[in-house]
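Let me begin by presenting the structure, written as structure tokens, before commenting on it.
Each ligand, and each atom within it, is numbered from 1 in the order the structure gives. By convention here, the first residue in the shown sequence is residue 1.
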Amino acid sequence: MNNSDSDSPVVALVPAAGRGVRLGENMPKAFVAVGGTPMVRLAVDGLLASGAVDRIIVMVPVELVESAVALLPPSDAVRVVVGGAERTDSVRAGIAAAPDAGYYLVHDAARALTPPALIARVAAELRAGRRAVVPALPVVDTVKTVDQDGVVTGTPNRAALRAIQTPQGFAADLLRAAYETNVLATDDAGLVERLGAEVHTIPGDPMAFKITTPLDLMLAETVCNAARSV
Ligand code: C5P
């Protein structure tokens, strides 16, 4: 069903069910605190602050549902559901929990410091008629493809490459169709592209970086402390 008209609800889906082993903390990544606040709470606060989101579904590991409810803002607009083994399973669970959405914004809990203005820009593009919108930044490193022995097989033209962030925004019917396939992907736009749909980029924001490694966590802590001392 295509229920995406400009008044229909924008539902944010927040995958927060990853184990986060690369971060090296002893709890799932989304529950690790940045500047004293768990990432998942920061991500939800950013979505609420954008003023562009009607409801938020947060997908967490099964054993952390109660903790997530306790640490998220007590609001009818925020709901916690159980995620899955892979990120795609978690997003699929979120879609199922909000079948009446007109638009979905899929936003990683790990992008905890994303500026609300970026979230609002993605939603505005959807309401203006775009069916798939992702924030993108130019790539600073040269990127190479390698074979299984680590031998370089190619060097794509850097000018044509972009690093893609979240929130990724979709007309609800398009994202649902993309998730009817059982393919795994590292982002949602990748599934939508397989359907042959056009995915539009808008300028991303460095502050929407994904907190993945201990160095990312140090950066995020530093940014939070600097913001507090202003
Ligand atoms: O692993 P990666 O950094 O790509 O995870 C991106 C986001 O997807 C994180 O917020 C993580 O919690 C979430 N995720 C999930 N369910 C999984 C794996 C990852 O919700 N099974």
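- Ranking the protein heavy atoms by distance from atom 3 (O) of ligand 1 puts Lys29 NZ, 3.0 Å first.
- Ion pairing between Glu221 and Arg228 fails under the 4.0 Å rule for side-chain N and carboxylate O.
- The distance criterion of under 3.5 Å between nitrogen or oxygen atoms is met by Ala17 with respect to ligand 1.
- The closest approach between any non-hydrogen atom of Ala16 and ligand 1 is below 4.0 Å.
- Taking every non-hydrogen atom of Ser90 and a distance limit under 4.0 Å, the qualifying atoms of ligand 1 come out as 15 (C), 16 (N), 17 (C), 20 (O), 21 (N).
- Nearest to atom 6 (C) of ligand 1 by heavy atom, out of Asp216, Asp187, Asp108, is Asp108.
- Heavy-atom contacts from other residues, nucleotides or ligands closer than 6.0 Å to CZ of Arg79 number 12 or fewer.
- Among the atoms of Gly84, some N or O lies under 3.5 angstrom from an N or O of ligand 1.
- Residue-level proximity to ligand 1 for Ala85 is carried by the backbone, the only part with a heavy atom below 4.0 angstrom.
- No salt bridge links Asp173 with Arg176; every basic N to acidic carboxylate O contact stays at or beyond 4.0 Å.
- Every atom of ligand 1 is numbered from 1 in the order shown, and the set under 4.0 Å from a heavy atom of Ala110 is 10 (O).
- The N/O atoms of Thr212, backbone and side chain alike, include none that comes under 3.5 Å of an N/O atom in ligand 1.
- Of all the heavy atoms of Arg87, the ones lying under 4.0 Å from any atom of ligand 1 are found in both the backbone and the side chain.
- Close contacts between ligand 1 and Lys210 involve ligand atoms 2 (P), 3 (O), 4 (O) [criterion: under 4.0 Å to a heavy atom].
- With hydrogens and angles left out, the side-chain atoms of Tyr179 and Asp188 include a donor and acceptor closer than 3.5 Å.
- By the neighbour-count criterion of 12 heavy atoms within 6.0 Å, atom CG of Asp76 is sparsely surrounded, having that number or fewer from other residues, nucleotides or ligands.
- Among protein heavy atoms, the minimum distance from atom 1 (O) of ligand 1 is reached at Arg22 NH2, 3.1 Å.
- Asp54 CG to Leu47 CG: the interatomic distance, rounded to the nearest 0.5 Å, is 11.5 Å.
- Atom 19 (C) of ligand 1 has as its closest protein heavy atom Gly18 CA, 3.4 Å.
- A salt bridge links Asp108 and Arg87; the closest N-O separation between the charged side-chain nitrogens and carboxylate oxygens is under 4.0 Å.
- When hydrogens are left out, the protein atom nearest atom 10 (O) of ligand 1 is Pro15 O, 2.8 Å; that is the closest non-hydrogen contact.
- For the residue pair Asp216 and Thr213, a side-chain donor N or O sits within less than 3.5 Å of a side-chain acceptor on the partner.
- Note on Arg55 versus Asp100: salt bridge recorded, some NZ/NE/NH1/NH2 to OD/OE distance being below 4.0 Å.
- At a 4.0 Å heavy-atom cut-off, ligand 1 does not touch Arg19 at all.
- Side-chain polar atoms of Asp187 and Gln168 form a donor-acceptor pair below 3.5 angstrom.
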